[in-house]
Amino acid sequence: MKVLVVGGGGREHALCWAIAGSPLVTKLYCAPGNAGIAQDAECVAIAAEDVDGIIRFVQDNDIEFVVIGPEAPLVAGLSDKLLDIGIKSFGPSAAAAVMEGSKGFMKDFCARHEIPTAAYGRFSDIAAAKTFIAKQGAPIVVKADGLAAGKGVIIAETIDQANAAVDDMLAGGAFGEAGAEIVIEEFLGGEEASFFALCDGETALPLASAQDHKRVGDGDTGPNTGGMGAYSPAPIVTEEMVETIMETIINPTMDGMKAEGKPYKGVLYAGLMIEDGQPKLLEYNVRFGDPECQVLMMRLMSDLLTALIASADGVLKDFDLRWYYETALTVVMAANGYPGSYEKGSVIKGLEKAGEDRDITVFHAGTAFSENEKICATGGRVLAVTALGDTVAEAQTSAYKAIDKIDWPGGFCRRDIGWRAVERE
Ligand code: AMP
Ligand code: GLY
């Protein structure tokens, strides 16, 4: 089978790495890919958002299956357009991707189907939004409705901060069209975890849990990022909790989407807040997390591609996946300055040495080959150094041992990924 993976970050490197080992693959391409992905797939210079370019490539190269990594092409309808030309893909239709594409849709959907989530209101009028905030009090959360590259959520500690966020989004155009409508919701306390399920429109198969570190600095301080590290499984998501999540959140979502004529296929990534044993849904994403995908792929024993095709074909019902029991932990190395402005082009050395141990995989998130064939940094998040271990502490030690072999003065990482789980152990 000729397979194309769409995307070029750490998530897509992990997907390509897993798919490259499938006995079903005769040729693997990635658009656009990166310098690390080039070890597992042939990279083609087409942007992930270039839906027409991808369709043309698929037709010209007889691609038989497409795995769509990021949310933007999903929300833009890539999987529908592929279906129009008779090509199967992994990922939801545009109609189902609205689960991530519109936070307002997701909240109304939860209300219709009694899925536990924070109390909320939807607004496009400034005065109405501020009246709601005054009534609810602070802390309170203000969210842009549409896709905002992970930046559209403001946790307001005071009413003034919440009002300012409303002004920024509704009057100031802070997130453009994505912020022309907003959701304002109750602040939830508790512990966050991510949960992933593979869906085929009818059935959801639980995959695994993970926890990530969104803040840039040690001790979970500083500005938010796309994620500076993650580990899987999440200790808080016990087997009993998996059952609760499936029963109260994932299965009602599958049934509700089917009943509303938007059957959900692909991976459903639930961002959860867990308090007193009760999970509530913070948000849905319609794709794998980055860097959560990296830790999931390290733990997956079964053939990934077979599972992704089963999701597209609607035959997950009798499907079973096997996992390594070890913990996987990934540490992101980012370019100095991230998540603010950062430099591009600095050379990274020592990658081969870092990845030589059996329990380590160095996934690339933002790398390219320089003119003299050296690997250099091209993104904010650049590498995801991923380790397997019997405990979180062991995986953490291995990951940092590998990181210390990497010679890259232009980059940095957090030194405490997994700290909460290590403390528990
Ligand atoms: P989201 O993009 O909706 O996941 O929001 C980004 C982050 O904001 C989440 O990972 C949480 O840490 C936080 N967050 C979002 N909604 C809430 C809420 N209602 N209560 C508390 N924290 C929240
Ligand atoms: N790591 C968070 C995300 O992928 O959305």
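Remember, it's a predicted structure, so these values are computed and weren't measured experimentally. Whatever order the structure lists them in is the order used to number ligands and atoms, beginning at 1.
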Checklist entry - With a 4.0 Å heavy-atom cut-off (strictly under), which part of Y269 contacts ligand 2: side chain, backbone, both or neither? => result side chain
Checklist entry - Less than 3.5 Å between some nitrogen or oxygen of K214 and one of ligand 2, yes or no? => result no
Next on the checklist: We want to know whether E283 and N285 form a side-chain donor-acceptor pair, criterion being a heavy-atom distance below 3.5 angstrom.
Outcome noted: yes
Checklist entry - So which heavy atom in the protein is nearest atom 3 (O) of ligand 1, and how far is it from that ligand atom? => result K143 NZ, 3.0 Å
Next on the checklist: Ignoring hydrogens and geometry beyond distance, is a side-chain donor-acceptor pair present between N34 and H13 at under 3.5 Å?
Outcome noted: no
Item to check | Option with minimal heavy-atom separation from atom 5 (O) of ligand 2, where the choices are E292, R287, R381 | outcome: R287
Checklist entry - Does the ring pair (Phe, Tyr, Trp, His ring centres under 6.0 Å) test come out yes or no for F123 and F132, once each step is laid out? => result CA-CA 9 Å; F123 302 95; F132 183 80; 5.1 Å; yes
Next on the checklist: Heavy-atom pairs closer than 4.0 Å: do any link ligand 1 to the side chain of E186, the backbone, both, or neither?
Outcome noted: backbone
Checklist entry - Taking atom types as modelled and ignoring hydrogens, do the side chains of S311 and D200 form a donor-acceptor contact shorter than 3.5 angstrom? => result no
Checklist entry - Going by atom types alone, do W419 and D220 pair a side-chain donor with an acceptor below 3.5 Å? => result yes
Checklist entry - Do the side-chain N and O atoms of E185 and Q136 include a donor-acceptor pair separated by under 3.5 angstrom? => result no
Checklist entry - Quick check: does L188 get an N/O under 3.5 Å from an N/O on ligand 1? => result yes
Checklist entry - Any chance the side chains of Y231 and Q211 put a donor and an acceptor closer than 3.5 Å? => result yes
Item to check | Modelled atom types, side-chain donor and acceptor of D255 and Y264, under 3.5 Å | outcome: no
Item to check | Nearest non-hydrogen protein atom, atom 22 (N) of ligand 1 | outcome: I155 CD1, 3.7 Å
Item to check | Any donor-acceptor N or O pair under 3.5 Å, side chains R299, S232 | outcome: yes
Checklist entry - Please state which protein non-hydrogen atom is closest to atom 17 (C) of ligand 1 and give its distance, to 0.1 Å? => result L282 CD2, 3.5 Å
Checklist entry - For ligand 2, which atoms have a heavy atom of G226 less than 4.0 angstrom away? => result 1 (N), 2 (C)
Checklist entry - How far is atom 8 (O) of ligand 1 from its nearest protein heavy atom, and which residue and atom name does that atom have? => result V153 CG1, 3.7 Å
Next on the checklist: Within the structure, is a non-hydrogen atom of G289 found at a distance of less than 4.0 Å from ligand 2?
Outcome noted: yes
Item to check | Nearest neighbour in protein (non-hydrogen) for atom 9 (C) of ligand 1 | outcome: E192 OE2, 3.4 Å
Checklist entry - Quick one: nearest non-hydrogen protein atom to atom 2 (O) of ligand 1, plus distance? => result E283 OE1, 3.1 Å
